[in-house]
S.K.: 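To start, I am sharing the structure in question, which I have written as structure tokens.
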Amino acid sequence: MSDALLAWYDVHARDMPWRVSPADRAAGICPDPYRIWMSEVMLQQTTVAAVRDYFHRFTARWPTVRDLADAPDEQVMGEWAGLGYYARARNLLKCARVVANDYDGQFPDTYDALLTLPGVGPYTAAAIASIAFDRPETVLDGNVERVMARLFDIHDPLPASKAQLKARAAELTPQLRPGDYAQAVMDLGATICTPKSPACGICPLRDPCVARQAGTAPELPKKTPKKPKPTRYGHVYLAQRADGAWLLERRPDKGLLGGMLGWPGSDWNDAPQPSPPFMAEWQALSSEVRHTFTHFHLILTVHSAELPDHMTPNALQILDKHDFRPSDLPTVMRKAYDLWRGQ
DNA sequence: CACTCGTGGCC
DNA sequence: TGGCCAAGAGT
């Protein structure tokens with residue numbers, strides 16, 4: 001079965017900036033573990049389309065793991081802004097420094113060693129080991145879970161069925177070309193064996209696929225139902241000085257938007273207490289920011305005022321007009337800025 | 001195991 | 001338009 005998939009991949013492999021094509025790989029070209037690691041971390045719960053530009057900017061700015069390890073935290077967090085799941089960026093930097101300092105700048109080449117690195121879990125360790133180092137490790141991501149559930153018509157819901165799906169995936173992992181095979185399954189899941197209306201008619205695995213025969217492919221994999229998202233509220237405060245400087249805060253590393261730049265503001269809950277960073281005649285903007293996170297909706301009231309000269313409220317920072325880049329902000333904070341700019 | 005943790009595209 | 005979904009990890 002893996003042979004049919006590899007044959008399909010040889011023809012249909014998608015072009016990605018971090019990928020070595022099957023033809024190039026056959027010619028002896030090896031992937032750069034740094035670029036494989038970078039792409040796999042960026043691709044966690046994130047689409048290829050969203051990752052492309054970020055990958056280009058990161059690798060252009062920091063071509064090697066040592067360059068990244070030497071980068072200041074705020075530059076890396078700013079470059080990651082907008083991509084989401086910011087713990088990935090903090091762990092990316094931690095991991096780069098571990099590789100630079102403890103591994104002489106060379107990524108470890110086994111699953112077990114990779115698994116110890118910050119931000120590298122079971123999926124990413126297997127992906128790097130197989131793609132960058134040709135080790136027959138089994139990757140299990142959302143794509144592989146879906147392909148296996150359909151191929152073997154497994155109706156037990158995720159995440160409980162994960163071990164079962166992993167066992168099936170392991171049986172199919174070949175000793176030869178394990179990296180191409182891993183990418184082939186994921187490409188198949190992304191382009192043919194899609195969550196909705198899978199293209200079974202042109203699938204290289206259509207013959208052995210049990211769910212296709214049973215007609216159950218589109219409804220697999222089953223998943224346990226999710227909890228509804230509550231709505232929370234909050235206030236943010238945009239203060240600009242006459243010379244154009246802005247008042248911002250660096251959020252603590254733990255928790256939501258950890259380590260990112262943001263506007264000072266209230267807690268986010270059912271009925272937040274307004275908490276302006278200094279006394280002034282704050283003006284509430286006429287419309288609000290609406291944003292949805294993984295597990296709640298947020299409605300932000302945006303306030304603005306002029307920042308007096310020579311004032312730096314405790315634990316906050318002033319960014320000069322030319323040092324403030326809206327692109328350094330996480331999206332919810334950039335939405336507040338966009339709203340202010342448009343009023 | 002269950003929960004936290006972003007964002008944009010899709011229908 | 002609101003829920004679903006995406007190459008998951010950490011706690």
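In what follows, every chain begins at residue 1, and chains take the letters A, B, ... in the order their sequences are listed.
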S.K.: Is there a donor N/O on one and an acceptor N/O on the other, under 3.5 Å, for the side chain of A:Tyr123 and the base of C:dG8?
M.R.: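 No, the side chain and the base share no sub-3.5 Å donor-acceptor pair.
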S.K.: Hey, does A:Lys223 reach any base, or is it just sugar-phosphate, or nothing, if we go heavy atoms under 4.0 Å?
M.R.: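 Here A:Lys223 touches the backbone only, sparing every base.
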S.K.: Do A:Arg25 and A:Asp180 meet the salt-bridge criterion of a basic N to acidic O distance under 4.0 Å?
M.R.: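 Salt bridge: yes.
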S.K.: With the side chain counted from C-beta on, respond yes when A:Phe133 and A:Pro31 share a heavy-atom pair under 4.5 Å apart, and no when they do not.
M.R.: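 Counting from C-beta outward, A:Phe133 and A:Pro31 never come under 4.5 Å.
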S.K.: Just compare C:dA6, C:dG8, B:dC5 and give me whichever is closest to any side-chain atom of A:Leu256.
M.R.: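 Of the options given, the side chain of A:Leu256 lies nearest B:dC5.
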S.K.: For B:dT7, take OP1 and OP2 only and decide whether either is under 4.0 Å from a side-chain N or O of A:Tyr86.
M.R.: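 Indeed, a polar side-chain atom of A:Tyr86 lies that close.
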S.K.: Could you list all the side-chain hydrogen bond (donor to acceptor under 3.5 Å, both in side chains) pairs where at least one residue sits in residues 303-319 of chain A, not counting sequence neighbours?
M.R.: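 For residues 303-319 of chain A, and leaving out neighbouring residues, the side-chain hydrogen bond (donor to acceptor under 3.5 Å, both in side chains) pairs sorted by first residue read A:His235-A:His303.
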S.K.: Could you give the NZ-to-C1' distance, from A:Lys227 to C:dC4, as a whole number of Å?
M.R.: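 Nearest whole value for this atom pair: 18 Å.
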S.K.: Does a side-chain N or O from A:His291 land closer than 4.0 Å to OP1 or OP2 of B:dT7, or not?
M.R.: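 Yes.
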S.K.: Tell me what A:Thr292 touches on the nucleic acid: a base, only sugar-phosphate, or nothing, going by heavy atoms under 4.0 Å.
M.R.: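 Contact class for A:Thr292: base.
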S.K.: Under a 3.5 Å distance rule, please check whether A:Arg88 uses its side chain to pair with a backbone N or O of A:Gln44 as donor and acceptor.
M.R.: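 Indeed, once roles are kept as given, a pair shorter than 3.5 Å links the two residues.
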S.K.: Does any residue of residues 330-343 of chain A have a heavy atom under 4.0 Å from DNA chain B, and if so, which ones, in number order?
M.R.: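 Here the set is A:Pro330, A:Thr331, A:Val332, A:Arg334.
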S.K.: Under 4.0 Å between a side-chain N/O of A:Gln45 and OP1 or OP2 of C:dG8, yes or no?
M.R.: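 Result: yes.
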S.K.: More 5' along DNA chain C: A:Trp18 or A:Val120, using each one's nearest nucleotide?
M.R.: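 Final value for this comparison: A:Trp18.
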S.K.: Counting only side-chain nitrogens and oxygens, does A:Lys226 get under 4.0 Å of the OP1 or OP2 atom of C:dC5?
M.R.: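 So the side chain of A:Lys226 is within the cut-off, an N or O lying under 4.0 Å from OP1 or OP2 of C:dC5.
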S.K.: What is the minimum heavy-atom distance between A:Arg168 and A:Ile154, and which atoms define it?
M.R.: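 That would be CG-CD1, 4.1 Å.
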S.K.: Just by distance, with hydrogens left out, do A:His295 and A:Lys229 show a side-chain donor and acceptor under 3.5 Å apart?
M.R.: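 No donor-acceptor contact under 3.5 Å links the two side chains.
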S.K.: Return the value, rounded to whole Å, for the distance between atom CZ of A:Arg290 and atom C1' of C:dG2.
M.R.: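 Computing the A:Arg290:CZ to C:dG2:C1' distance gives 12 Å.
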S.K.: Select from A:Val48 and A:Lys94 the residue whose nearest nucleotide in DNA chain C is closer to the 5' end of that strand.
M.R.: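 Comparing both residues, the 5'-ward one is A:Val48.
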S.K.: Taking for each residue the nucleotide of DNA chain B with the nearest heavy atom, is it A:Ala160 or A:Gly258 whose nucleotide lies nearer the 5' end?
M.R.: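 Checking each residue's closest nucleotide, the 5'-ward one belongs to A:Ala160.
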S.K.: Side-chain N or O of A:Thr47 less than 4.0 angstrom from OP1 or OP2 on C:dC5?
M.R.: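 For C:dC5, neither OP1 nor OP2 has a side-chain N or O of A:Thr47 closer than 4.0 Å.
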S.K.: Looking only at atom types and distance, does a side-chain atom of A:Asp67 sit under 3.5 Å from a main-chain N or O of A:Thr64, one as donor and one as acceptor?
M.R.: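 Indeed, once roles are kept as given, a pair shorter than 3.5 Å links the two residues.
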S.K.: Between B:dT7 atom P and A:Gln44 atom CD, what is the distance in whole Å?
M.R.: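 For the pair A:Gln44 CD and B:dT7 P, the rounded distance is 16 Å.
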S.K.: So if I take every side-chain heavy atom of A:His295 and compare against C:dG8, B:dT4, B:dT7, which nucleotide ends up nearest?
M.R.: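 Minimum distance to the A:His295 side chain belongs to B:dT4.
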S.K.: Can you check the A:Lys229 NZ to B:dG6 P distance for me, whole Å?
M.R.: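 It is 12 Å, rounded to the nearest whole Å.
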S.K.: C:dG3, C:dA9, B:dT7: which one has an atom nearest the side-chain heavy atoms of A:Pro122?
M.R.: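 Looking only at heavy atoms from C-beta outward on A:Pro122, the closest nucleotide is C:dA9.
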S.K.: Looking across every strand, which nucleic acid part, if any, lies under 4.0 Å from A:Arg90 by heavy atom: base, sugar-phosphate, or nothing?
M.R.: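 The residue A:Arg90 makes no contact with any strand.
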S.K.: Do the side chain of A:Thr294 and the base of B:dG6 come within less than 3.5 angstrom through a donor-acceptor pair of N or O atoms?
M.R.: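 Flag set: donor-acceptor pair detected.
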